[in-house]
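Numbers for residues simply follow the sequence, beginning at 1. Just so we're clear, the structure is a prediction, and the values are computed from it rather than from any experiment.
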Amino acid sequence: MKTGKAADLTARLEADLARYPEERAQILIEAAEEWREAGEHDRAIALLDQVVAEGGEEGGEARVALADLLFGLDRVEEAQAQLDTLRRERPPSASPYHLAAELLEERGALDESLTWFTMAVSRLTEEELAQRDGEFGFATYANNVLAGRRRVRQALAMPPDELDESVESLADHAEDFTRALTPRAVPQEARVLFWPRDEIARAHTTWPRLVQHSDADRVMAEREAANRELSETGTARITMVPLTTTKLLEFAARTGGDPADEDTRLACLNEIVEEGGAVAWPPARNERCWCGSTVKYKKCCGRPNHPVG
């Protein structure tokens, strides 16, 4: 490696260690990989030896990285000695065993790889295994370990066992995964049903679970904040639909609906809009505020220093 690049890497390593002392082991492992890629194997080994000496989960991972490096240098006996030592140390985490299993799989040592995969599986915690039952269980660490074990067993022409059959693949959930990663479309219009300022106290008294606050200033500030957020995230048009207790009670009685039911309120909202009772947000600064007060918007909810949220 050229002197300048070596100096840059050394300086970056020292800066990272000073800035993130709690991540010392991981920083050293990553730096060792950079030295290895640069052909500075002795420096890489020295860093990995430091992490190994400090022990812990990262110490086990460093042993595997060291074995990988030594295998690459054709120092097979030394590499195998690192794995043997790791096995004797019996770290509690699944991670070092998993890394060793993948290293041996890559080298074509499938029987040994399966042994290490089996040890990794035995060290998965109850919490890690339970995460497989979630919506994205196929993407969990535990499923990844089990998938590796199944992959090696298949390469050894072994029949699937119960653990193999429990593995979920990304292909099985491609549609769910794609849906989760697809950004939700920003609505072109948001219609907001709200209680005007002078209706809030009565609505709270009538339906305390539906209208949880009687402080009109607080309710209006929260609504203004929510509208501004909708606007900032790309909603093109926001339509405010004022609702009174009299209107909702009359509508519910006429349609046989329940005022506390969301579907009833949604149908009432649509009727108010059809009757021309909606208000565009934001109003012009000199127009009356949308909240139902008689004050201009710029001096009410539209004040620059309005205590939103």
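Residues L70 and A79 come closest through the heavy atom pair CB-CB, 3.7 Å. The two residues A120 and A94 come nearest to each other via the heavy atoms O-CB, 3.3 Å. Between R132 and S166, the shortest heavy-atom contact is NH2-O, 2.6 Å. Across P196 and M220, no two heavy atoms sit closer than the pair C-CE, 3.7 Å. When all heavy atoms of D164 and P159 are compared, the closest pair comes out as OD2-O, 4.1 Å. A62 approaches V52 most closely through the heavy-atom pair CB-CG2, 3.8 Å.
Qualifying salt bridge (Lys or Arg N to Asp or Glu O under 4.0 Å) partners for E78, counting only residues two or more places apart in sequence or in other chains: R75. With sequence neighbours left out, D161 forms a salt bridge (Lys or Arg N to Asp or Glu O under 4.0 Å) with R149, R153. Applying the side-chain contact (heavy atoms from CB on, under 4.5 Å) criterion to R24, with sequence neighbours excluded, gives L17, L28, Q50, E54.
At most 12 heavy atoms of other shown residues, nucleotides or ligands fall within 6.0 angstrom of atom CZ in R19. Annotation: E126, atom CD; neighbour count of heavy atoms from other residues, nucleotides and ligands within 6.0 Å does not exceed 12. No more than 12 heavy atoms of other residues, nucleotides or ligands lie within 6.0 Å of CD in E106, so this atom counts as exposed by the packing criterion. The number of heavy-atom neighbours closer than 6.0 Å to CD of E262, taken from other residues, nucleotides and ligands shown, is 12 or below. The environment of CD in E22 is crowded: more than 12 heavy-atom neighbours from other residues, nucleotides or ligands sit within 6.0 Å.
The structure places CG of L66 at 5.5 Å from CG of L48, a figure rounded to the nearest 0.5 Å. Atom-to-atom distance recorded for L146:CG and L163:CG is 5.5 Å, nearest 0.5 angstrom. In this structure, CD on E58 lies 6.0 Å from CD on E61, to the nearest 0.5 angstrom. Note that the OG atom of S293 and the CZ atom of R197 stand 5.5 Å from one another [nearest 0.5 Å]. The distance from atom CZ of F251 to atom CG of L243, rounded to the nearest 0.5 Å, is 10.0 Å. Rounded to the nearest 0.5 Å, atoms NE2 (H213) and CH2 (W195) are 15.0 Å apart.
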Discussion item. Run the side-chain contact (heavy atoms from CB on, under 4.5 Å) test on K296 and E287 for me, step by step, so that the C-alpha distance in whole Å, both residues' side-chain angles and the decisive distance to 0.1 Å come before the verdict.
Written reply: CA-CA 5 Å; K296 292 180 180 180; E287 291 182 359; over 6 Å; no

Discussion item. Quick one, R151 with E105, criterion side-chain contact (heavy atoms from CB on, under 4.5 Å). Give me CA distance, side-chain angles, the key distance, then yes/no.
Written reply: CA-CA 10 Å; R151 185 174 60 245; E105 179 189 5; 2.6 Å; yes

Discussion item. Go through it in stages, so that I can follow the logic: the residues are R107 and E102, the test is salt bridge (Lys or Arg N to Asp or Glu O under 4.0 Å), and I'd like the CA-CA distance, side-chain angles, deciding distance and then a yes or no.
Written reply: CA-CA 9 Å; R107 290 182 55 77; E102 290 187 330; over 6 Å; no

Discussion item. Determine whether T140 and E128 satisfy the following criterion, side-chain hydrogen bond (donor to acceptor under 3.5 Å, both in side chains), listing intermediate values before the conclusion.
Written reply: CA-CA 8 Å; T140 60; E128 288 171 330; over 6 Å; no

Item to complete: Decide yes or no on side-chain contact (heavy atoms from CB on, under 4.5 Å) for V145 and L124, but give the supporting numbers first.
Response: CA-CA 9 Å; V145 174; L124 291 171; 4.3 Å; yes

Item to complete: Start with the C-alpha gap between Y20 and I27, add the side-chain angles, then the distance that decides, and say whether side-chain contact (heavy atoms from CB on, under 4.5 Å) holds.
Response: CA-CA 9 Å; Y20 308 106; I27 291 171; 4.0 Å; yes

Worksheet item: Going through the checks in order, is the salt bridge (Lys or Arg N to Asp or Glu O under 4.0 Å) test met by E40 and R36?
Response: CA-CA 5 Å; E40 296 283 348; R36 176 184 178 179; over 6 Å; no

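No side-chain heavy atom of V51 sits under 4.5 Å from any side-chain heavy atom of L47. For the pair P91 and E57, the minimum side-chain heavy-atom distance is 4.5 Å or more. Residues V192 and T239 fail the side-chain proximity criterion, which asks for heavy atoms closer than 4.5 Å. Residues K247 and E271 are in side-chain contact: their nearest non-hydrogen atoms beyond the backbone lie under 4.5 Å apart. At a threshold of 4.5 Å between non-hydrogen side-chain atoms, the residues C300 and C291 count as touching. With contacts defined as side-chain heavy-atom distances shorter than 4.5 Å, the pair P282/N227 does not qualify.
Checked by atom type and distance alone, the side chain of T115 pairs as donor or acceptor with a backbone atom of D111 at under 3.5 Å. Between the side chain of T205 and the backbone N or O of A201, at least one donor-acceptor pair lies under 3.5 Å. In this structure a side-chain-to-backbone donor-acceptor pair under 3.5 Å is present from S113 to A101. The closest donor-acceptor contact from the side chain of E199 to the backbone of T245 lies under 3.5 Å. At least one donor-acceptor pair closer than 3.5 Å links the side chain of R123 to the backbone N or O of M119. A donor-acceptor distance shorter than 3.5 angstrom exists from the side chain of T264 to the backbone of D258, with no hydrogens or angles considered. In this structure, the side chain of R202 does not engage the main chain of T244 through any donor-acceptor pair within 3.5 Å. Using a distance-only test at 3.5 Å, with no hydrogens or angles considered, a donor-acceptor pair links the side chain of S93 to the main chain of S95.
Both tests do not hold together for R288 against Y297: distance to the six-membered ring centre under 6.0 Å, angle to the ring axis within 45°.
Ring-plane geometry between Y97 and W116 is classed as tilted, the angle between the planes lying from 30 to 60 degrees on a 0 to 90 degree scale. Relative orientation of the H98 and F117 rings is tilted, given thresholds of 30° and 60° on the angle between their planes.
Linking ILVMFWY side-chain heavy atoms closer than 4.5 Å, directly or via other members, places M240 and V295 in two distinct hydrophobic clusters. Both L210 and I272 belong to a common hydrophobic cluster when Ile, Leu, Val, Met, Phe, Trp and Tyr are linked at side-chain heavy-atom distances under 4.5 angstrom. Linking Ile, Leu, Val, Met, Phe, Trp and Tyr whenever their side-chain heavy atoms come within less than 4.5 Å puts I200 and V279 in one cluster. Transitive grouping of hydrophobic side chains (ILVMFWY, heavy atoms separated by less than 4.5 Å) keeps L99 and I45 in distinct clusters. Clustering ILVMFWY residues whenever any of their side-chain heavy atoms sit less than 4.5 angstrom apart, transitively, puts L104 in a cluster other than the one holding M158.
R191 has a carboxylate O that lies under 4.0 Å from a charged side-chain N of E189, or vice versa, which qualifies the two as a salt bridge. R228 has no carboxylate O lying under 4.0 Å from a charged side-chain N of E232, or vice versa, which leaves the two without a salt bridge.
Just one residue in the list L103, I29, L69 forms a side chain to side chain contact (heavy atoms under 4.5 Å, CB included) with V64, and that residue is L103.
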